[in-house]
Every structure is written in structure tokens, then in C-alpha cells.
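First comes the structure, then the notes that go with it.
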Amino acid sequence: MAPIGTRSTVEDATVGARVAKRTASTISYNAALLSARWARDLTDELRRRVSAETTIHSVAAGGYVCRKGDRVESWIGVLDGLVKVSSVSPEGKSVSFIGVPSGGWFGEGSLLKDEPRRYDAVALRSSIVAYMPRNTFMLLLDSSVPFNRFLLIQLNERLGQFVAMVEYDRLLGPDARLAKELAALCNPLLYPGTGNTLPVSQEELANLVGLSRQRVNQGLRQLERARLVRVGYRGLTLLDLDGLRRYEDGVR
DNA sequence: GCATTAACACGTA
DNA sequence: TACGTGTTAATGC
């Protein structure tokens, strides 16, 4: 009975070939870990605990970061790459998607509620993922006001996102859903590191929004005509974040 | 109709 | 060269 250190699903998602390199890369990604917004105002002691106890794994494109039904043992952060979190209905039908780019953290809800994970998270491209153990997370929760403030803001923001998403899925067309997804990906409050340029291919975007790549391409050109984004090679620049949020499919 | 898949040519890293 | 992108045609709901 030694539950500590058992993380079979994490191992499944880890690229075997890269395990040997983990020690070296862990050091370089430690800086990324501690530069997260929630980590900035921690005491030195807490920062030390965080970097000592958080494990960092690389996940290959298409690999699982966590799976629905898993026991929730950690708070998950994307240090590099892009992760798709998909909520699915009991029938197995996908109902909503959210993208988590570098700098984003998720899973605090499941951690707080102490229930099995209710969604899958899949790396859309090769990603570096941090797993903060429940104990460390609880320690921060018990001892740091800035950390609590970060969580409160993030939860509130996320709640708004999900409420909006339900509405959009039913009321809006593909182009507008694409616009909303782009705005959500770049939400500065949730993901401060993202800036205004998204290194996201159209295929990744298609997976995120639930459309074909061709349809996403068509939608992007529409948004480009509306001067909301600039489409580039393997990425795009968001010109008008507010405009994207408000985009309502000028069809009628 | 509208979106998807399949297939192709082209440009970029 | 390998991969992402832009486009078109055929197919399905």
C-alpha cells in the first residue's frame, strides 16, 4: 500500500524515449513552472516545495495528459504546447471543448471536489506538462492568499466561459464558434503567457472547435476579412480580441 | 444547403 | 523532404 508515486496513467502518456532526458529538461522547465502567475507571490519556502514536489513530463502529440475516470491526484499545468480538454456526456458524446495553451493550469475543480476526473485531456501537439500533487496544492491553498486569489479568479472566469459555451454551441454558426474559441484561447486573464499570437495550426484549431480543417480555413478567411485576425503560417495573430468575443455571424 | 472527407498542388521551415 | 495550407470535387446528413 504505497499510493505515493503511483501514476500509471501519467506513465502511459509519457513518451518512453524521453524519460531518460527528464532530469535535464526538468531543470530547464522549472523556471517556466515558477514563472506561472500563481507562483510569483509565493514565499521562497513554498516555491521550493512546489519545484521539489511537482513532476514534469513530456507528452507526445495525441497522448493523454489525463483521462476521464482517473483518480484525481494532481493539479495540471501546461508549461509548453497545447492541450485539449474535452467534456463528454455520459453517452460519450462530446459537448464542449476548451484549449489550454502554455501557461494554463486546470483540474483544480476536480481536486477540490475529490471526485474522479470528468474529462479527458489530450496533447494536441508535443507538450510539457506539470503535475502538482494534491498535497502540494492543498499546502498552497492553506498558506497563500495570492494563490487563493488566483484560483478564485480562474474559477470565476472558467465558469463564465462554460456558461457562454453552452449558449454558443446552440445559437451560433461555425464561424462565430471559431471566433469565440480563439478569444477563449487567448483570454489574458486565464493565460497571461499567451499574448496576442497563437502558434496554432489550422488542423489543431479544427480539433479544438470540432470542425473540419477546411471549414476552419474558410472561417479564418472570413474572420480575416473582418479584420479580426491575421492568418500566418502555422499560426495566427489576433488583431481584435474584443471583436472576436462579440463576433455574431453577420448572416442575419 | 451546409459541412465533411478525400485528393491535389503549392509554399515554407 | 516533410508538413501545413489553400482549393476543389464528391459525398453525407
Side-chain angles (χ1 to χ4, degrees), chain A residues 13-18 21 25 28-29 32 58-65 78-104 119-129 164-186 191 193-241 243-252:
Chain A
T14 307
V15 195
R18 295 196 182 165
K21 285 165 50 182
S25 53
S28 55
Y29 282 106
S58 71
V59 181
Y64 280 95
V65 170
V78 181
L79 300 186
D80 188 36
L82 181 65
V83 170
K84 176 187 77 173
V85 175
S86 52
S87 278
V88 294
S89 69
E91 304 82 40
K93 185 187 175 190
S94 297
V95 287
S96 58
F97 293 96
I98 205 177
V100 185
S102 341
Y119 46 77
D120 293 322
V122 177
L124 287 183
R125 74 166 77 113
S126 178
S127 299
I128 305 295
V129 180
M165 214 181 304
V166 174
E167 183 186 353
Y168 300 152
D169 268 357
R170 285 162 177 68
L171 299 181
L172 299 181
D175 290 352
R177 291 215 308 275
L178 178 60
K180 304 289 185 193
E181 180 63 36
L182 288 176
L185 266 179
C186 202
Y191 313 116
T194 306
N196 275 341
T197 73
L198 288 173
V200 177
S201 76
Q202 299 181 6
E203 178 140 21
E204 289 173 342
L205 224 38
N207 286 327
L208 229 44
V209 192
L211 294 169
S212 66
R213 176 180 68 81
Q214 291 87 336
R215 188 58 185 82
V216 166
N217 180 264
Q218 191 181 323
L220 282 177
R221 282 188 289 110
Q222 177 76 27
L223 295 178
E224 195 170 36
R225 273 196 296 278
R227 309 230 177 278
L228 298 176
V229 302
R230 181 151 12 93
V231 181
Y233 186 72
R234 223 195 176 299
L236 57 161
T237 306
L238 307 190
L239 301 175
D240 184 354
L241 194 51
L244 284 172
R245 287 205 193 92
R246 296 189 202 301
Y247 190 85
E248 298 276 324
D249 238 350
V251 181
R252 52 179 246 95

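We use all heavy atoms of the structure for the numbers below, so side chains are in, but hydrogens, waters and symmetry mates are not. Chain letters run A, B, ... following the sequence lines, proteins first and then strands; every chain starts at 1.
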- Task: Please examine the side chains of A/V122 and A/N207, heavy atoms only from C-beta on, and report whether any two atoms are closer than 4.5 Å.
- Result: no
- Query: Quick one: is C/dT5 close enough that its OP1 or OP2 comes under 4.0 Å of any side-chain N or O from A/N217?
  - Reply: no
- If we only count heavy atoms from C-beta on, is the A/D175 to A/R215 side-chain gap below 4.5 Å? yes
- Between C1' of C/dA9 and CD of A/Q218, the distance in whole Å: 14 Å
- Query: Should A/R215 be listed as having a side-chain N or O under 4.0 Å from OP1 or OP2 of B/dA3?
  - Reply: yes
- Query: Rounded to the nearest 0.5 Å, how far does CD of A/E203 lie from CG of A/N217?
  - Reply: 12.0 Å
- Starting at the 5' end of nucleotides 7-13 of chain B, put B wherever the base has a protein heavy atom under 4.0 Å, S where only the sugar-phosphate does, and a dash everywhere else. B---BBS
- Could you check whether A/S201 gets within reach of a base, just the sugar-phosphate, or nothing at all, counting any heavy atom under 4.0 Å? sugar-phosphate
- Note on the structure: For A/D240 and A/R227, the nearest pair of non-hydrogen atoms, with its separation, is CB-O, 4.2 Å
- CD of A/Q218 to CZ of A/R213: how many Å apart, nearest 0.5 Å? 12.5 Å
- Task: Send over the distance from A/L205 CG to B/dT4 P, rounded to a whole Å.
- Result: 13 Å
- Task: Supply the atom-to-atom distance A/L236 CG to A/L228 CG, rounded to the nearest 0.5 angstrom.
- Result: 11.5 Å
- Query: Over how many whole Å does the gap from A/L220 atom CG to C/dG4 atom P extend?
  - Reply: 15 Å
- Task: Supply the atom-to-atom distance A/L79 CG to A/S102 OG, rounded to the nearest 0.5 angstrom.
- Result: 8.5 Å
- For A/R234 and C/dC3, what is the distance between atoms CZ and P respectively, to the nearest whole Å? 11 Å
- Contact summary for A/L178 and A/L220, nearest pair of heavy atoms: CD2-N, 3.8 Å
Could I get a table of every N or O pair under 3.5 Å where one atom is in the protein and the other is in nucleotides 10-13 of chain C?
none

- For A/Q202 and B/dT4, what is the distance between atoms CD and P respectively, to the nearest whole Å? 14 Å
- Item | Distance in angstrom units between A/E203 CD and C/dA2 P, rounded | 17 Å
- Does A/V209 offer a backbone N or O that forms a donor-acceptor pair with the side chain of A/E181 under 3.5 Å? no
